[in-house]
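Structure, as structure tokens:
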4 protein chains.
Amino acid sequence: MSGTTRSRRADAERSLAALLAAAADVFVADGVNAPVRAVAARAGVGVGTIYRHFPTRADLVVAVYRHQVEELAASGAAAAAAAVAPLDDLRRWVHRFTDFLVTKHGLASAVSTDDATSGALHALLVERLVPTCGALLDAAESAGLARPGTDPYQLLRGVGNLCIGAEGDPRYDARRLVDLLLDGLRHP
Amino acid sequence: MSGTTRSRRADAERSLAALLAAAADVFVADGVNAPVRAVAARAGVGVGTIYRHFPTRADLVVAVYRHQVEELAASGAAAAAAAVAPLDDLRRWVHRFTDFLVTKHGLASAVSTDDATSGALHALLVERLVPTCGALLDAAESAGLARPGTDPYQLLRGVGNLCIGAEGDPRYDARRLVDLLLDGLRHP
Amino acid sequence: MSGTTRSRRADAERSLAALLAAAADVFVADGVNAPVRAVAARAGVGVGTIYRHFPTRADLVVAVYRHQVEELAASGAAAAAAAVAPLDDLRRWVHRFTDFLVTKHGLASAVSTDDATSGALHALLVERLVPTCGALLDAAESAGLARPGTDPYQLLRGVGNLCIGAEGDPRYDARRLVDLLLDGLRHP
Amino acid sequence: MSGTTRSRRADAERSLAALLAAAADVFVADGVNAPVRAVAARAGVGVGTIYRHFPTRADLVVAVYRHQVEELAASGAAAAAAAVAPLDDLRRWVHRFTDFLVTKHGLASAVSTDDATSGALHALLVERLVPTCGALLDAAESAGLARPGTDPYQLLRGVGNLCIGAEGDPRYDARRLVDLLLDGLRHP
DNA sequence: GATGAATGAGATTTCATTCAT
DNA sequence: GATGAATGAAATCTCATTCAT
């Protein structure tokens, strides 16, 4: 009995994970605005299956990235707590954020946009990452390494924006520009 | 006869200018992705008229901004030629570029995107502004005021990206981030 | 063993009754067209369980109301047999029918409709209530209190129709209109 | 020039009329809830054409019936103004309303329902017909031929309800029941 | 017996673009 | 040259019903 239950739940979890993986693939390939139907096709399921798990397209998108966002938030918080080399910590964390964004076609723009589609994603990113970014910034400022008065929300959005369209344009190097931005943050 | 011809041509030019003005209004209000019908309605013409002048939506968008892009290119080129205070010239020019972008809902993203819709606009911006930006950068580098090795295309795209979604989010200040980026460009 | 069997059957009956009660609740709240999933959720069972007991949505609907319909049929038949004040009996019975219908969002329309969804319910109502209504009408006609020639099926459908949408519109009073209809039935 | 314009407009009007006729056909056959696509297919046009003329399904439905509703309102108003035989006028007008409704599958229920789909239709019917019905009722009451205190909205809804599902059920005669209701309205 | 995940047809609505007049 | 009616592919979301576990 318990065995049956467990295996069913395991199946469900596995197929849900498969679904999220398929969605992640499609989002990488076609952007986060890819039609739900495309995700369904890729996952080999009907659209209904997706809507069963995620009542709204936005819910699916959020689910796909929540894990990584949480990890990002946690790692940054840990670094801020240690604060051995505050500006380096910030830079390292921002680099991780950058890497996260540039590999997801269309995700970076969700940091900026607040429209119906990506509103939930925007909310997730802001809610989870702004505090972490703020903690890192504070540490750097307290150590006298960064000029004061920078809003972590702005910095996050700036970095997010710099990552837009980075993938697929060999002439554009988002990481380099992000570094430039961080350099500009240093105490003059 | 020649008089008639001239007045007809004048008429045509005037109505075309009116059409572009209407398009500009609509793009400011609803973004560059506004439906063609909205532009037609605003201009008081049929959609067919628009498609006659501009075979594709992209052509219309390009036409709308060509003037301002040309001016921007020219003003930058003039400043680079004079080169009295190279880094300040660059900063001033970038500020003008920033002002141009943030007031056009959705235009900034066209600097990055290369898709079907805004491909032509992207091409225009790159073709006309990269050389100017490059000249200004070169001047600043030659004067030893900016670190060498920055690709003007990248800088332009970076600035463009930072302007995305600036309008309508009071917590985000594109100009401040652009300044940060330029600060980062300074010789260390 | 017999004890076990009996208790199992009792369990089954109890859970089935609970299911019907849940369905009744949902139908009152959201109408008889409420999704099966809503019923399942309310009952705390899976949809499969519902489809096991009731192969079709219509079967569920019928099962939900069968009890009350039977009671209504029986009470009317008793009154017709007694026939002390035939027209009053008819009116009282029709009032009870009216009360039954107006409290069930969307049920009244099933008296009229014969489509796939509510066909079975229609059949139940017609089969069980028309004879009773006929008996009451006959009694009233025999006593010279009602004009002859009224088809009980028609009267039932008329009353049913008058109850449609009664709930939720404070400006509409189904009972008053039903009374008007019955007044029109009186011998001129 | 004027000729061209006129003929184009004439074409447009003709095709719009054809579209409304097709919609009316489909509504008679499948009810007012028939999919827009069905109407498009019947009219031999694309769905876009319909949405161009009627931004919403509801707008289409309203457009289909507006003409007849207006006529009904006008004829009733005229009769109420004359008021030679008030109760007969009311009866005649109600008969016309009845005839209007029973020939349109699913229209009658719109008199009652106020949901998203048929909200606009409900509004049209109430707005245009309640005043007329009220005038006719007043005349009949003033002449001492109808019992006072009947709300025209209620009467209209009652008649509307009685017409629901009249088409296609040979055992049901909406007109007879409407007559019964009107009889009940007479002064006792 | 029970479960609930999966299915997939179908409904509404939007818009770039074409083309007969 | 101008017009705007027509097109139709696409996208999101809903739900009755089936069936493997």
Side-chain angles (χ1 to χ4, degrees), chain A residues 1 3-13 15-16 19 33-38 40 43-58 60 116-117, chain B residues 8 11-12 15 33-38 40-41 44-58 60 116-117, chain C residues 8 11-12 15 33-38 40-41 44-53 55-58 60 116-117, chain D residues 1 3-12 15-16 19 33-38 40 43-58 60 116-117:
Chain A
M1 218 196 287
T4 305
T5 301
R6 203 177 304 155
S7 79
R8 228 212 326 251
R9 183 170 301 167
D11 270 12
E13 262 168 36
S15 70
L16 200 145
L19 200 159
N33 296 317
V36 172
R37 211 175 283 272
V45 302
V47 287
T49 304
I50 294 185
Y51 278 98
R52 152 174 266 276
H53 290 298
F54 312 101
T56 268
R57 250 185 100 278
L60 171 62
T117 314
Chain B
R8 261 203 211 138
D11 270 11
S15 71
N33 297 316
V36 174
R37 296 205 56 131
V45 302
V47 286
T49 305
I50 294 184
Y51 276 95
R52 161 166 289 274
H53 288 299
F54 312 102
T56 241
R57 250 186 101 276
L60 171 63
T117 314
Chain C
R8 261 202 212 139
D11 272 9
S15 70
N33 296 316
V36 173
R37 296 204 57 132
V45 302
V47 288
T49 305
I50 295 184
Y51 277 94
R52 160 166 290 273
H53 289 299
T56 243
R57 251 186 101 279
L60 171 63
T117 315
Chain D
M1 217 196 287
T4 305
T5 301
R6 204 177 303 153
S7 78
R8 227 211 331 246
R9 185 171 300 167
D11 270 12
S15 70
L16 200 146
L19 199 160
N33 297 317
V36 172
R37 212 174 282 272
V45 302
V47 288
T49 304
I50 294 186
Y51 278 96
R52 151 174 266 275
H53 290 298
F54 311 101
T56 268
R57 250 186 98 277
L60 172 63
T117 315

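Numbered from 1 within each chain, the chains take letters A, B, ... in sequence-line order.
Rounding to the nearest 0.5 Å gives a distance of 10.5 Å between CG of D/L16 and CD1 of D/I50. Taking OH of A/Y51 as the start and OG1 of A/T56 as the end, the distance is 7.0 Å to the nearest 0.5 Å.
With rounding to whole Å, D/F54 atom CZ is found 15 Å from E/dT12 atom P.
With hydrogens and angles ignored, the 3.5 Å screen pairs no side-chain donor or acceptor of B/R57 with any backbone N or O of B/P35.
For E/dA2, the OP1/OP2 oxygens have a side-chain nitrogen or oxygen of C/H53 closer than 4.0 Å.
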Give me the distances for all protein-to-nucleotides 11-14 of chain F N/O pairs that come in under 3.5 Å?
{"residue": "F/dT12", "atom": "OP1", "partner": "A/R57", "partner atom": "NE", "Å": "2.7"}
{"residue": "F/dT12", "atom": "OP2", "partner": "A/V36", "partner atom": "N", "Å": "3.2"}
{"residue": "F/dT12", "atom": "O4", "partner": "A/R37", "partner atom": "NH2", "Å": "3.3"}
{"residue": "F/dC13", "atom": "OP2", "partner": "A/Y51", "partner atom": "OH", "Å": "3.3"}
{"residue": "F/dC13", "atom": "OP2", "partner": "A/R57", "partner atom": "N", "Å": "3.2"}

For DNA chain F, please output the secondary structure as dot-bracket, reading 5' to 3'. Pairs are Watson-Crick or G-U wobble, both atom distances under 3.5 Å; mark crossing pairs with [ ], other-strand partners with |, unpaired with a dot.
.||||||||||||||||||||
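When all heavy atoms are compared, the tightest approach of B/A40 to B/G46 is CB-C, 4.0 Å.
D/T49 places none of its side-chain heavy atoms less than 4.5 Å from the side chain of D/F54.
Summary of the strand contacts: B/R52 and D/I50 both lie near DNA chain F, and taking for each the nucleotide with the nearest heavy atom, the more 5' one is attributed to B/R52.
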